[in-house]
Amino acid sequence: PTDFAGLYQIIQDVGILTGRSEEASTLTASLAQRVKTVENAVATATTTPVIFYELDGSDPAKPWTSGPGTFVDMLITKAGGKNVGSTLSGSWAQISVEDLLIQNPDIIILGDSAYGMTPDQVAARAGWENIKAVTDGQIYAFNDDLVTLAGPRLVDGLEELAKLIHPELFK
């Protein structure tokens, strides 16, 4: 799926195929309500922080991120942020440090934290010291499985992203 409507349809289809249509409908309604709750909260936000979602920082001069049209891009937007990667070409793309400095993200989210990347390592990267997220200490480890594996956990990912991007709305 490329959006929540597609996710809900897949859940419904699997429910039909497995003879569990009622459970699938209940799950889909619950997920849709959770998404709506996040959307309603984010609608009251007064800011739209710029977010850099790092998929792979093994080359710190050109880390990989999620581009336009991806589920990660959509989730960041729904969570009330602006994805740095939305300006790039391709679904998964590398971004230069120069481009990061120009976009100057407010928050860095480390989808590669499961592979050992830490906020301290990112903060110590050459050329990254002037990025707002680094100077403000807004670098967060994140469970990438919540936003890259299609399934009900994508709603968990949306909720977690919204809490990182707009903690003031989810106290």
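The structure presented is a predicted model; accordingly, all values stated were derived computationally and were not measured. Count residues from 1 along the sequence.
Within the 4.5 Å cutoff, the side chain of R153 has heavy atoms near those of the D145 side chain. The shortest side-chain heavy-atom distance between V155 and L31 falls under the 4.5 Å cut-off. Residues Q138 and L164 are not in side-chain contact: their nearest non-hydrogen atoms beyond the backbone lie 4.5 Å or more apart. The shortest distance between side-chain heavy atoms of L75 and F4 falls below 4.5 Å. For the pair D3 and L7, the minimum side-chain heavy-atom distance is 4.5 Å or more. Counting heavy atoms from C-beta outward, T46 and E168 have side chains that stay 4.5 Å or more apart. The shortest distance between side-chain heavy atoms of W64 and E54 does not fall below 4.5 Å. Looking at I131 and F52, their side chains never come closer than 4.5 Å, going by heavy atoms from C-beta outward.
Residues V14 and Y8 are members of separate hydrophobic clusters, defined by side-chain heavy-atom contacts under 4.5 angstrom among Ile, Leu, Val, Met, Phe, Trp and Tyr. Linking Ile, Leu, Val, Met, Phe, Trp and Tyr residues whenever their side-chain heavy atoms come within less than 4.5 Å places W128 and I139 in a single cluster. A continuous path of hydrophobic side-chain contacts links V147 to I51 [ILVMFWY only; heavy atoms under 4.5 Å]. Hydrophobic clustering of Ile, Leu, Val, Met, Phe, Trp and Tyr side chains at less than 4.5 Å, counting indirect connections, unites L110 with V84. Neither F71 nor L149 shares a network with the other; the hydrophobic side chains, linked directly or stepwise wherever heavy atoms of I, L, V, M, F, W or Y lie under 4.5 Å apart, form separate groups for each.
To the nearest 0.5 angstrom, D56 atom CG is 10.5 Å from T65 atom OG1. Atoms CG and CG, on L146 and L154 in that order, are 8.5 Å from each other to the nearest 0.5 Å. Rounding to the nearest 0.5 Å gives a distance of 4.5 Å between CG of L100 and CD1 of I95. Distance check: R20 CZ to I11 CD1 gives 15.0 Å after rounding to the nearest 0.5 Å. The distance from atom OG of S25 to atom CD of Q12, rounded to the nearest 0.5 Å, is 4.0 Å. A distance of 5.0 Å separates CD1 in I109 from CG in L161, rounded to the nearest 0.5 Å.
What you find for L27 and P152 is that their closest heavy atoms are CD2-CG, 4.1 Å. When all heavy atoms of V50 and Q103 are compared, the pair lying nearest together is CG1-O, 3.9 Å. Among all heavy-atom pairs drawn from Q94 and L88, the shortest one is O-CD1, 4.2 Å. M117 and V122 get closest at one heavy-atom pair: CG-CG2, 4.0 Å. Taking both residues in full, the closest heavy atoms of K132 and T135 are given as O-OG1, 3.0 Å, listed atom of the first, atom of the second, then distance. Between I107 and P49, the closest heavy-atom pair is CD1-CB, 4.2 Å.
Counting non-hydrogen atoms of neighbouring residues, nucleotides and ligands closer than 6.0 angstrom, the CD atom of E22 reaches no more than 12 such neighbours.
T70 contributes no side-chain N or O that, together with a main-chain N or O of S66, makes up a donor-acceptor pair within less than 3.5 Å. In this structure, H166 contributes its side chain and G80 its backbone to a donor-acceptor pair below 3.5 Å. Distance alone, capped at 3.5 Å, is enough to place a donor-acceptor pair between the T148 side chain and the D144 backbone.
Salt bridge status for E159 with K36: absent, with no side-chain N to carboxylate O gap under 4.0 Å.
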Applying ring pair (Phe, Tyr, Trp, His ring centres under 6.0 Å), run through Y140 and Y53 and close with a yes or a no. CA-CA 10 Å; Y140 302 102; Y53 191 96; over 10 Å; no
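None of I76, I165, D106, T87 except one satisfies the side chain to side chain contact (heavy atoms under 4.5 Å, CB included) rule with K82; the exception is T87.
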